[in-house]
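Take a look at the structure set out below.
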Amino acid sequence: MKIALLGAESTGKTQLAHALAAHLRETGAQAVAVDEYLREWCEQKSRTPQAHEQAEIALTQRLRIEQAARDLAEAAKPDSSCWVIADTTPLMTAIYSEFIFADSSLIAPALAYQKTFDLTLLTGLDMPWEADGIQRDGAHVRAPVDALIRTRLQSAGIAFEVIYGLGEQRLQTTLNALSTIKSIANYVGNIRAIEPKDLKNTPKPWVWTCDKCSDSDCEHQLFRRLASWGFE
């Protein structure tokens, strides 16, 4: 299973990726978190990348994710589940390339690769912004970057879950999302086991879609309301 973490700066992607991988390992699964290459690049160069350097950064991020998946598969024990949690994907490089340099040339290939992930998680804007060296631009860029991520994912028909909460609550929200995809997999498996003549009698799962599902403020308010009622 490949899990992608996307999100604006200072929204807890790195911390969540490692916390999720650690939790999965505690349950007996094989899990690895793939760190963001951009951070390493900026530390090595002591600067942020220029427009012509974005493609190489996106490619390296993809290669590291794929290498981690191969290494994990080779080292995995028989019948053990394997999880690769990517602390960002080439899509985030493409998003920032579009946002900062008005260059959308990386978007199409990044979206095509994003579709190979089993689950895409978008970290919400409820965490306070924190400075982190030269890599971060400021709290004011988080909302427009968040909006651009959502727009690109929706335009490509890529489903995503928004993750809110602080500390352990953020991890629990992520685990709930993983439980959802497991339930969907079980449902699909059950459907496939039914003879074609019986499909017409199979009830379809009820789905509700908010007409403002792309509104991060709406989602955040709903999350806080549910949390105050004791829901996780």
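- When hydrophobic residues (I, L, V, M, F, W, Y) are linked wherever their side-chain heavy atoms come within less than 4.5 Å, the members clustered with Tyr113 are Val32, Val34, Ile65, Leu72, Val84, Phe117.
- Side-chain contact between Leu6 and Leu153 is present, with at least one heavy-atom pair separated by less than 4.5 Å.
- The stretch residues 22-31 participates, sequence neighbours left out, in no side-chain hydrogen bond (donor to acceptor under 3.5 Å, both in side chains) pair at all.
- Every pair tested for salt bridge (Lys or Arg N to Asp or Glu O under 4.0 Å) that includes a residue from residues 99-114 fails, sequence neighbours excluded, so the list is empty.
- The side-chain hydrogen bond (donor to acceptor under 3.5 Å, both in side chains) test applied to Ser104 returns no partner, not counting sequence neighbours.
- By the salt bridge (Lys or Arg N to Asp or Glu O under 4.0 Å) test, Arg64 pairs with Glu40, sequence neighbours left out.
- Closest approach of Ala8 to Ile149, counting heavy atoms only: N-CD1, 4.1 Å.
- For Ala156, the side-chain contact (heavy atoms from CB on, under 4.5 Å) criterion is met by Leu111, Lys115, Ile158, not counting sequence neighbours.
- The salt bridge (Lys or Arg N to Asp or Glu O under 4.0 Å) check on Glu56 picks up nothing, with sequence neighbours excluded.
- Qualifying side-chain hydrogen bond (donor to acceptor under 3.5 Å, both in side chains) partners for Gln15, counting only residues two or more places apart in sequence or in other chains: none.
- Sorted by first then second residue, the salt bridge (Lys or Arg N to Asp or Glu O under 4.0 Å) pairs that include residues 65-74, not counting sequence neighbours, are Arg62-Glu66.
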side-chain contact (heavy atoms from CB on, under 4.5 Å) evaluation trace for Leu178 with Leu20: CA-CA 10 Å; Leu178 297 188; Leu20 178 57; 3.8 Å; yes
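- Residue pairs satisfying the salt bridge (Lys or Arg N to Asp or Glu O under 4.0 Å) criterion with at least one member in residues 156-177, sequence neighbours excluded, are listed as follows: Asp126-Arg170.
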What side-chain donor-acceptor pairs closer than 3.5 Å can you find for residues 85-94, not counting sequence neighbours?
{"residue": "Asp87", "atom": "OD2", "partner": "Thr14", "partner atom": "OG1", "Å": "2.6"}
{"residue": "Thr89", "atom": "OG1", "partner": "Leu91", "partner atom": "N", "Å": "3.2"}
{"residue": "Thr89", "atom": "OG1", "partner": "Gln114", "partner atom": "OE1", "Å": "2.7"}

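- Grouping Ile, Leu, Val, Met, Phe, Trp and Tyr by side-chain contacts under 4.5 Å, direct or through others, leaves Leu106 on its own.
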